[in-house]
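Worth saying up front: this structure is predicted, and the values here are computed from it rather than measured. Both counts, for ligands and for their atoms, begin at 1 and track the order of listing.
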Amino acid sequence: MRNCPMKIAVLTSGGDSPGMNAAIRTVSVAGIGRGHEVIGIKHGYAGLLRGDTVKLDGAAVDGITRLGGTILGSSRCPEMMTPEGQARAKAKLIEMNVDALVVVGGNGSLTGAHVLAQGSPYKVVGLPASIDNDIGHTGLAIGVDTAVNTIVEACDRIADTARAHRRVFIVEVMGRKCGFLAMRAGIAAEADAILFGEENPEEEALVERLRAVLRKCFGPGSSKHRALIVKSEGLNLPPGRLTARLSEHLAEDAPGADLRETVLGHVVRGGNPTALDRVIAQRLAYGAVTCAEMGVSDVMLAWEPNFPVGKRSPDPSVYIVPIGDVLNETAKMLDSSSEIVKSRLALLSKVQDLFAI
Ligand code: F6P
């Protein structure tokens with residue numbers, strides 16, 4: 001156990017995700033409750049470089065668990081990718097007398113956390129937060145569940161109007177290179193087809209596959225009045241292009257139907273976190289405070305990993321994984337060589353022909 005009290009700093013970085021505030025509050029209440037001082041660093045690594053901080057006490061974090069976004073602000077900070085920026089950030093943490101830094105963010109943020117942890121007197125603990133669910137060795141990242149629910153709600157609404165007008169909708173969702181949001185939300189929303197970049201399909205083959213789906217949905221004997229295609233932004237084919245290609249044959253494949261596209265964009269990243277995201281954020285953040293107290297550094301707290309690595313914490317759903325391992329696995333997820341990506345693709349390939357009926 002480290003000497004008490006510690007000065008704990010928390011920052012949120014990269015694309016915000018619902019549940020970040022729940023993590024900030026838990027670091028604060030657990031930290032203060034156990035006798036530590038807690039400060040927030042504003043606007044991610046950019047704020048760290050400027051020394052832009054705020055004291056976090058009970059009043060500052062009261063009622064924030066239910067809020068989307070992040071009360072601390074966030075940023076993508078190109079300077080943190082340079083050796084000079086990284087050295088300045090390390091010096092700033094030492095100048096501020098920080099004993100432990102909790103970094104809440106995605107791949108880029110955790111890369112920064114890993115660098116900051118090397119040979120430093122303070123401890124660094126990461127919490128995975130990104131709607132994309134593209135962070136290695138965690139079953140879910142903070143924000144994913146809310147994003148999935150937001151997409152499902154949007155698709156349900158679109159289905160209402162689609163059915164009223166006998167329409168095919170292509171709905172594009174965020175996720176960067178990772179198709180997880182499209183896969184999970186698409187299944188929950190009764191999509192007729194789910195498209196994601198990991199498959200890396202040829203345009204012609206994809207168009208033929210979708211034409212077959214439309215013929216199934218609107219062909220003789222089908223009483224369907226709508227078709228839903230959920231497309232991940234990671235599939236490198238603009239929705240407009242897909243719409244144009246399918247429109248060429250629409251009268252033949254889906255007689256009497258129209259075709260529309262909707263890009264959900266940043267709508268998917270906002271909103272109040274679901275109960276699950278709040279709970280994940282709270283339990284991971286509590287684990288971060290206890291890790292810092294035990295003097296553990298350069299680790300990320302992971303939520304129910306599919307193929308567990310690292311060490312299970314006293315909380316059975318929370319694992320303690322070296323950030324270096326997380327970054328290696330994340331790189332494999334991004335180039336689709338990870339076992340978890342392969343298993344997602346294998347599962348989907350077994351069922352995706354059953355979606356359209
Ligand atoms: O990583 C989260 C994410 O929302 C991705 O899904 C998306 O591709 C990207 O961030 C958008 O980033 P920005 O808000 O900087 O345009």
Side-chain angles (χ1 to χ4, degrees), residues 11-21 23 42-47 67-70 72-81 103-113 126-155 170-186 194-198 200 230-240 261-274 277 280-281 300 303 326-327 329-336 338 340-341 344:
L11 65 80
T12 50
S13 162
D16 56 287
S17 68
M20 280 183 159
N21 284 324
K42 293 166 91 175
H43 309 298
Y45 291 125
L67 303 178
T70 158
L72 292 176
S74 190
S75 62
R76 304 200 189 273
C77 179
E79 224 181 320
M80 258 306 277
M81 294 175 195
V103 172
V104 189
N107 187 24
S109 313
L110 294 168
T111 303
L127 300 184
S130 163
I131 61 163
D132 302 338
N133 216 29
D134 60 353
I135 302 173
H137 295 312
T138 189
L140 285 174
I142 297 166
V144 175
D145 185 63
T146 308
V148 167
N149 278 284
T150 302
I151 296 169
V152 171
E153 190 190 337
C155 287
I170 299 171
V171 177
E172 184 180 274
V173 303
M174 274 191 170
R176 210 182 284 271
K177 285 187 170 174
C178 180
F180 183 89
L181 288 180
M183 295 174 194
R184 180 162 284 202
I194 301 173
L195 313 179
F196 36 89
E198 290 92 329
N200 204 11
V230 176
K231 173 195 171 296
S232 173
E233 68 174 352
L235 175 70
N236 197 12
L237 187 60
E261 74 211 30
T262 299
V263 177
L264 295 184
H266 289 78
V267 166
V268 172
R269 217 161 74 185
N272 294 353
T274 58
D277 266 328
I280 292 174
M300 184 193 83
W303 182 260
V326 170
L327 298 178
E329 173 63 11
T330 304
K332 288 186 187 167
M333 289 174 77
L334 296 178
D335 71 15
S336 297
S338 145
I340 185 74
V341 172
R344 281 177 197 162

Candidates R176, H266, K177; heavy atom nearest atom 13 (P) of ligand 1 found on H266
Step by step, would you call N107 with L334 a side chain to side chain contact (heavy atoms under 4.5 Å, CB included)? CA-CA 10 Å; N107 187 24; L334 296 178; 3.8 Å; yes
Give me the nearest non-hydrogen protein atom to atom 6 (O) of ligand 1 as residue plus atom name, then the distance to 0.1 Å. D132 OD1, 2.7 Å
Result for side chain to side chain contact (heavy atoms under 4.5 Å, CB included) between F180 and one of I131, V144, D132, D134 points to V144
Is the shortest N/O to N/O distance between G175 and ligand 1 below 3.5 Å? yes
Would you find a donor on one side and an acceptor on the other, under 3.5 Å apart, between the side chain of D277 and the backbone of G19? no
Note: heavy atom closest to atom 10 (O) of ligand 1, options M174, R269, E233, belongs to R269
Protein residue, atom and distance nearest to atom 15 (O) of ligand 1, heavy-atom basis: R76 NE, 3.0 Å
Donor + acceptor pair across side chains of E329, S338 (<3.5 Å): yes
State whether R269 and D16 are salt-bridged, where the test is any N-O pair (Lys NZ or Arg NE/NH1/NH2 against Asp/Glu carboxylate O) under 4.0 Å. yes
